[in-house]
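What follows is a set of notes on a single structure, which appears directly below.
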Amino acid sequence: MSLAPPIASTVRALTPAQRRGLSVGLATGLYGISFGALAVTAGLSVWQASALSALMFTGGSQFAFIGVVAGGGALGSATAAASLLGVRNALYGVTANAMLRPHGWRKLLAAQVTIDESIATASGQDDPDEERRGFWTAGAAVFVLWNLFTLVGALAGNALGDPTVWGLDGAAVAAFLGLLWPRLSGRDPIAIAVVAAAVTLLAVPVVPAGLPIILAALVAALMTWAHVRSRQR
Amino acid sequence: MSVWLWILAACLIAFGTKLVGYLLPERWLENPWVLPLSHGVTVGLLASLVATSTFSSGQSLAVDARLVALLAAAAALRVKAPYLVVVIVGAVAAALARLIGL
């Protein structure tokens, strides 16, 4: 018996948010390979690379951690850099909590899969049920595939060579742009995006890694406040 | 061993950071400012991630093959390519740009 028809009908039965979540998971998995490979090249073991993906599970922080280790920095600095880059997840947590209102143990599960991809997929939906489906599908799909491909990358390790040769850093750029794109409807979000990007680039050379994105978030909050105020008048 | 301790500490901090937002009292979330602000901040954060992943290399800025990936991805998004295709286009564009020495 062929497997293709049941798979095809399952995919058709998915809602748009679920389909979006799955494709976000697949795409993100792709550059999980690059994390695994770089982690091993930086001197971590395959298990340590996998532990970071399973437990830390926030790409930017993971790359920051191994970046410091690869540069010969102290593990304390690696932890500080990773923690700083993870601060945005606190803001995402507020967003997800307000959108989904999980209770009890679901809060813990939701917190673990609170990442750029799950929040972007959820906040791109109009209907509250679709927001919920988008968040959980993207969160679960990214978790499974990110960990799977981290392992693949870590095992391939040095054999893979420099992941940038394969364009995996380009994949990350495209993935973030793809998450941002559907949010850019109307003048206000476009203005926020442009200003946030500009603030980030101005800040990168002068403040420690992880702070530029926090400055961008502050400016975005101020601009949102100004936009809502001016509409209320 | 101490590598493992630092890894676990960093993971614990990461989880704690994510959890904070879920521990806010429910009535705070009822505030009419929470949703518009969190959507606005999400746009700002994603735009900032696009900027850093394209131009930053450590503490400095650089224009390299990643800019080609950004432009190629934008072109793919303009013609409404599916998300997965956009990401693959980005990867291929960066790889090709490097191949020709950018």
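Numbers restart at 1 for each chain; the letters A, B, ... are given by sequence-line order, proteins then strands.
Heavy atoms closer than 4.5 Å to chain B are found in the side chain of A/P102, but not in its backbone. Of the atoms belonging to B/A74, heavy atoms from both backbone and side chain fall under 4.5 Å from chain A. Neither the backbone nor the side chain of A/S61 has a heavy atom closer than 4.5 Å to any heavy atom of chain B. Neither the backbone nor the side chain of B/L99 comes within less than 4.5 Å of any heavy atom in chain A. Looking at B/V92, there are no atoms closer than 4.5 Å to chain A (heavy atoms on both sides), in backbone or side chain. If you measure heavy-atom distances from A/V194 to chain B, you find no contacts under 4.5 Å at all. In this structure, the portion of A/W166 lying under 4.5 Å from any heavy atom of chain B is its backbone and not its side chain. For A/R19, no part lies near chain B; criterion is any non-hydrogen pair under 4.5 Å. Within the 4.5 angstrom heavy-atom criterion, only side-chain atoms of B/L35, from C-beta onward, approach chain A. Interface remark: A/A198 contributes no atoms to any contact with chain B (heavy atom separation under 4.5 Å). Contact of B/R98 with chain A is made through the side chain alone, with heavy-atom distances under 4.5 Å. Looking at B/A14, the atoms closer than 4.5 Å to chain A (heavy atoms on both sides) all sit in the side chain, from C-beta outward. Of the atoms belonging to A/L44, it is side-chain heavy atoms, and not backbone ones, that fall under 4.5 Å from chain B.
When every heavy atom of A/V173 is checked against every heavy atom of B/S53, the shortest pair comes out as CG2-O, 3.2 Å. When every heavy atom of B/V86 is checked against every heavy atom of A/A174, the shortest pair comes out as O-CB, 3.5 Å. What you find for A/A197 and B/A47 is that their closest heavy atoms are CB-O, 4.0 Å. Taking every heavy atom of both residues into account, A/A98 and B/V34 meet most closely at CB-CG1, 3.8 Å. Of all heavy-atom pairs spanning B/P36 and A/T224, the tightest one is O-CG2, 3.3 Å. Pairing each heavy atom of B/V87 with each of A/A27, the nearest pair is CG2-CB, 3.5 Å.
Considering only heavy-atom pairs separated by less than 4.5 Å from chain A, the leading option among B/A94, B/G90, B/S48 is B/S48. Counting heavy-atom pairs closer than 4.5 Å to chain B, the top residue among A/G86, A/A51, A/A110 is A/A110. The candidate from B/L8, B/V20, B/L19 with the greatest count of non-hydrogen atom pairs under 4.5 Å with chain A is B/L19. Contact count versus chain B (heavy atoms, under 4.5 Å) is highest, among A/V195, A/N89, A/L52, for A/N89. Here A/L108 is the residue among A/L108, A/L30, A/L91 with the most heavy-atom pairs under 4.5 Å with chain B. For the set B/V89, B/L12, B/L84, B/T17, the count of heavy-atom pairs under 4.5 angstrom toward chain A peaks at B/T17. In terms of heavy-atom pairs under 4.5 Å with chain A, the best-connected choice from B/A91, B/G44, B/A95, B/G58 is B/A91. Between chain B and the options A/V228, A/T58, A/D169, A/V87, heavy-atom pairs under 4.5 Å are most frequent for A/D169. For chain A, the option among B/G40, B/A69, B/A73 with the highest count of heavy-atom pairs below 4.5 Å is B/G40. Chain B forms the most heavy-atom pairs under 4.5 Å with one residue out of A/A175, A/A220, A/A64, and that residue is A/A175. When the candidates B/L37, B/L67, B/I88 are compared by the number of heavy-atom contacts under 4.5 Å with chain A, B/L37 comes out ahead. For the set A/I119, A/V207, A/L168, the count of heavy-atom pairs under 4.5 angstrom toward chain B peaks at A/V207.
Heavy atoms from other residues, nucleotides or ligands lying under 6.0 Å from CZ of A/R231 number more than 12. Crowding of B/W28 atom CH2: a count of heavy atoms from other residues, nucleotides or ligands under 6.0 Å not exceeding 12.
Contact of the A/S83 side chain with the B/I13 side chain is registered, since non-hydrogen atoms from C-beta on lie closer than 4.5 Å. Contact check for A/Y92 versus B/L45: side-chain heavy atoms found under the 4.5 Å cut-off.
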Run the numbers on B/F15 and A/F57 for side chain to side chain contact (heavy atoms under 4.5 Å, CB included), then give the verdict. CA-CA 9 Å; B/F15 182 72; A/F57 189 54; over 6 Å; no

Verdict with supporting geometry, A/I115 and B/K18, side chain to side chain contact (heavy atoms under 4.5 Å, CB included): CA-CA 8 Å; A/I115 48 171; B/K18 292 172 173 181; 4.2 Å; yes

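Atom CG of A/L202 is separated from atom CG of B/L61 by 8.5 Å, given to the nearest 0.5 angstrom. In this structure, CE on A/M99 lies 11.5 Å from CG on B/L29, to the nearest 0.5 angstrom. Separation of atoms CG (A/L75) and CG (B/L5) is listed at 10.0 Å; rounding is to 0.5 Å. How far CD of B/E26 is from NE2 of A/H103: 5.0 Å, rounded to the nearest 0.5 Å. Taken from CZ in A/F176 to CG in B/L49, the straight-line distance is 4.5 Å, to the nearest 0.5 Å. Rounded to the nearest 0.5 Å, atoms SG (B/C11) and CD (A/Q62) are 7.5 Å apart.
The backbone N or O of B/G21 lies less than 3.5 Å from a partner atom in the side chain of A/N97, making a donor-acceptor pair. Without hydrogens or angle criteria, B/Y83 side chain to A/L26 main chain gives no donor-acceptor distance under 3.5 Å.
With 3.5 Å as the limit, one finds a donor-acceptor pair spanning the side chains of A/T114 and B/Y22.
Ion pair A/R101/B/E30 flagged as a salt bridge, since at least one NZ, NE, NH1 or NH2 atom sits closer than 4.0 Å to an Asp/Glu carboxylate oxygen.
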